[in-house]
Amino acid sequence: MQKYKHSVSLDVEKCKGCTTCLKRCPTEAIRIRDAHAKINPARCIDCGECIKVCPHKAKRAVHDTLADMKEYKITVALPAPALYGQFDNLTSIDYVVDGLYKLGFDYVYEVACAAEIVSAYTRTYLSRPDIIKPVISSACPAVVRMINMNFPYLKDHIMPILPPVEVAAKNARDIVRERHPEVDSSDIGIFFISPCPAKVSYVKNGFAGNRNNIDRVISVRDVYFELLDVMSRTENPTESAKSGMIGIGWASTGGESSAVFNDKYLAADGIENCVRVLEQIENEGFSGLEFIELNACNGGCVGGAMTVTNAYIAQARLNSLKRYLPVSPNRPDTSEIPDFMFTDENVVYDTTEPLSDDRATAMRMMGDIERITKTLPGIDCGSCGAPTCMAFAEDIVKNETNADECTIIMRELFHESLDLRKAVSEKLAGSTNSTNKNNAAK
Ligand code: SF4
Ligand code: SF4
């Protein structure tokens, strides 16, 4: 089985074991062991929440760099729409696209253009009578991985149409191959400028199946700092941006849903809210809803861990940029959805982490976890190195930790032993005094 490649990693030297990340991880993937955080790769969904909250900058996203451009004869930049929201006083997207050319890219294909194509096909898809509703957007890979891990019954609700970045990469490669038939496909480097580590993992693990057209993933943050300098020297950029309001709208929560032109939708952001929505759909369904957009990051992709600007400031900037754009200049013929727009059916995330492969043993272990949990304080303080008392009980049953790591219980035992010692001392002192009195009376 192919090993999952994570993009979130820990710098052990910087980690103070403070437990901040432990408490915010939505999948309970983090433990504190030997005074440092440790990420369980089977549980991590690369949402980047721990990168955002670590006060010591000990967590980071691993991604490619602009220097990798020299490995290709022709390079293409795929800027995520969130990139445009990073710049203050930006009056036109042309400055950003023009700046990417000046950084050395031979072509730029905006992911926002592909987002408009995906929105158009989504409208067609939602009109089909044979689909399971509500349809859940597949655009946020952290949410899709969360569904695969914790909500397997909702898998069939996930939109089977390729996400915009994949469509952008395919279209970009087709264009370059047509213009440069003399260049081998392996010499064309498609660089996705990503706002978050979840999308890095999406690419690095080949979740688009055999048709993966993205070669490198670089961060919005890195490109932002390079672009600042180039853009500050540009007075009249060439008019090269091709995206419209709908495409740019995908950068923040609600943008994808509003492009569906159907008011039976729900849009939520922040991983905790996403989990609540998924729980509700799994438990009670959501009658009347046709489309659900969930973004792991607050504010949507503009809130990704590889961006620079506050999500809500970026969102406000995008709103003012959108005002002067056409609605959707990238509209395909949507009478039929072409086959290449669908994901491979056999692409699945490997997320299983059973207690035991043996069913009877797993059941016994579950019973032990419940029993031990009842004996724990139930305050989920994290001082044992696990996020909750139940997670701690599970770690004990799996022999990954010892019960004496619970500082609350150890403190109680310590006080009990002090009380006992005090009682024994008092008793001993009492009997010594009465012996002394008796001796004195003699
Ligand atoms: S937040 Fe997590 S990674 Fe950062 S110092 Fe605290 S324990 Fe370590
Ligand atoms: S990236 Fe998300 S899921 Fe992974 S360890 Fe960090 S907070 Fe947990």
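Counting starts at 1 for both ligands and their atoms, following the listed order.
With sequence neighbours excluded, no residue forms a ring-ring contact (aromatic ring centres under 6.0 Å, His included) with Y265.
Side-chain contact between M365 and K398 is present, with at least one heavy-atom pair separated by less than 4.5 Å. Inter-residue side-chain proximity for M390 and E394 is flagged as unmet; no heavy-atom pair is nearer than 4.5 Å.
Inspection of the T253 and D269 side chains reveals an N or O donor paired with an N or O acceptor under 3.5 Å. R276 and N273 are linked by a side-chain donor-acceptor pair at a separation below 3.5 angstrom, with hydrogens and angles left out of the test.
Ring-plane geometry between Y224 and F87 is classed as tilted, the angle between the planes lying from 30 to 60 degrees on a 0 to 90 degree scale.
Inclusion of C15 in the first shell of atom 4 (Fe) of ligand 1 is not supported: no N, O or S atom falls under 2.8 Å.
Nearest non-hydrogen protein atom to atom 6 (Fe) of ligand 1 is C18 SG, 2.2 Å. Closest to atom 5 (S) of ligand 1, if we only count protein heavy atoms, is K16 N, 3.2 Å. Ranking the protein heavy atoms by distance from atom 4 (Fe) of ligand 1 puts C54 SG, 2.3 Å first. C21 SG, 2.3 Å is the protein heavy atom nearest to atom 2 (Fe) of ligand 1.
Using a 4.0 Å cut-off to heavy atoms of I30, the atoms of ligand 2 that qualify are 5 (S).
Figure legend: cation-pi geometry between K170 and F340, with NZ or CZ positioned under 6.0 Å from the six-membered ring centre and within 45° of its axis.
Of the heavy atoms in I32, only side-chain atoms (C-beta onward) come closer than 4.0 Å to ligand 1. By the criterion of a heavy-atom distance under 4.0 Å, neither the backbone nor the side chain of H36 is placed next to ligand 1.
For the pair C381 and I408, the tightest heavy-atom approach, listed with the atom from each and the gap, is SG-CG1, 4.2 Å.
Screening the protein for N, O or S atoms under 2.8 Å from atom 2 (Fe) of ligand 2 yields 1; no waters enter the count.
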